[in-house]
Visitor: 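This is the structure, below, for whatever I ask next.
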Amino acid sequence: MQQKGVFITTSSYSSGAVAYVEGLNGATNLVLINGEQLTKYMYDYSLGMQTKQHIEIKEMDSDFWDGMQNDSKIS
């Protein structure tokens with residue numbers, strides 16, 4: 001049975017920690033996730049996040065309005 005593990009930090013790992021994991025040579029599947037990677041996962045996959053509010057920003061579609069014919073005259 002292969003052992004697996006994940007270590008997460010909000011900062012970064014020392015070169016010694018990275019060297020240790022690399023030295024395992026697959027005997028144990030160990031993943032180190034640093035603060036930068038954690039932030040990316042949070043943003044990309046909503047890891048540990050909940051959507052609080054959606055905001056919709058609208059912009060005039062000038063192609064739509066410019067293409068309309070003005071058949072009525074205002075008197």
Side-chain angles (χ1 to χ4, degrees):
M1 180 175 171
Q2 186 179 14
Q3 295 181 340
K4 301 176 184 178
V6 175
F7 284 102
I8 299 173
T9 184
T10 54
S11 62
S12 58
Y13 289 99
S14 68
S15 57
V18 174
Y20 174 78
V21 170
E22 290 171 351
L24 294 174
N25 294 323
T28 299
N29 191 5
L30 187 59
V31 177
L32 301 179
I33 298 176
N34 64 22
E36 186 176 327
Q37 291 169 310
L38 177 59
T39 304
K40 181 169 175 34
Y41 294 150
M42 291 172 71
Y43 181 80
D44 291 347
Y45 305 108
S46 297
L47 178 69
M49 307 292 283
Q50 292 181 8
T51 301
K52 183 173 181 177
Q53 180 180 22
H54 286 277
I55 298 174
E56 188 173 352
I57 300 173
K58 301 210 180 237
E59 176 180 68
M60 280 288 222
D61 184 351
S62 58
D63 291 339
F64 173 81
W65 294 107
D66 290 344
M68 294 185 79
Q69 293 181 358
N70 189 358
D71 291 332
S72 61
K73 304 257 184 206
I74 300 176
S75 16

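Just so it is clear, the values below take in all heavy atoms, side chains as well, and ignore hydrogens, waters and symmetry mates.
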Visitor: Supply the members, apart from Ile33, of the Ile/Leu/Val/Met/Phe/Trp/Tyr cluster built from side-chain contacts under 4.5 Å; use none for a lone residue.
Guide: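 Other cluster members: Val6, Ile8, Val31, Leu38, Tyr41, Met42, Tyr45, Leu47, Met49.
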
Visitor: Looking at Gln53, is its backbone amide N or carbonyl O close enough to the side chain of Thr51 to form a donor-acceptor pair, meaning the two atoms are under 3.5 Å apart?
Guide: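 Here the side-chain-to-backbone pair does not exist.
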
Visitor: So which heavy atom on Phe7 is nearest to which on Tyr13, and how close?
Guide: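 Looks like O-OH, 2.7 Å.
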
Visitor: Taking only distance into account, with no hydrogens and no angle test, what donor-acceptor pairs under 3.5 Å do side-chain atoms of residues 58-66 form with protein atoms, sequence neighbours excluded?
Guide:
residue	atom	partner	partner atom	Å
Lys58	NZ	Glu56	OE2	3.1
Asp61	OD1	Asp63	N	3.3
Asp61	OD1	Phe64	N	3.3

Visitor: Should the heavy atoms of other residues, nucleotides or ligands under 6.0 Å from CD of Gln37 be counted, would the total exceed 12?
Guide: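 Yes - once you tally the heavy atoms of other residues, nucleotides and ligands closer than 6.0 Å, there are more than 12.
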
Visitor: Which heavy atom in Asp44 sits nearest to a heavy atom in Lys40, and how many Å separate them?
Guide: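 Nearest heavy atoms, Asp44 then Lys40: OD2-NZ, 2.5 Å.
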
Visitor: Set out, in order, the CA-CA distance, both residues' side-chain angles and the distance that settles side chain to side chain contact (heavy atoms under 4.5 Å, CB included) for Leu24 and Tyr20, then state yes or no.
Guide: CA-CA 7 Å; Leu24 294 174; Tyr20 174 78; 4.0 Å; yes

Visitor: I need the Leu30 CG to Lys4 NZ distance, nearest 0.5 Å.
Guide: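 Result: 12.5 Å between the selected atoms.
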
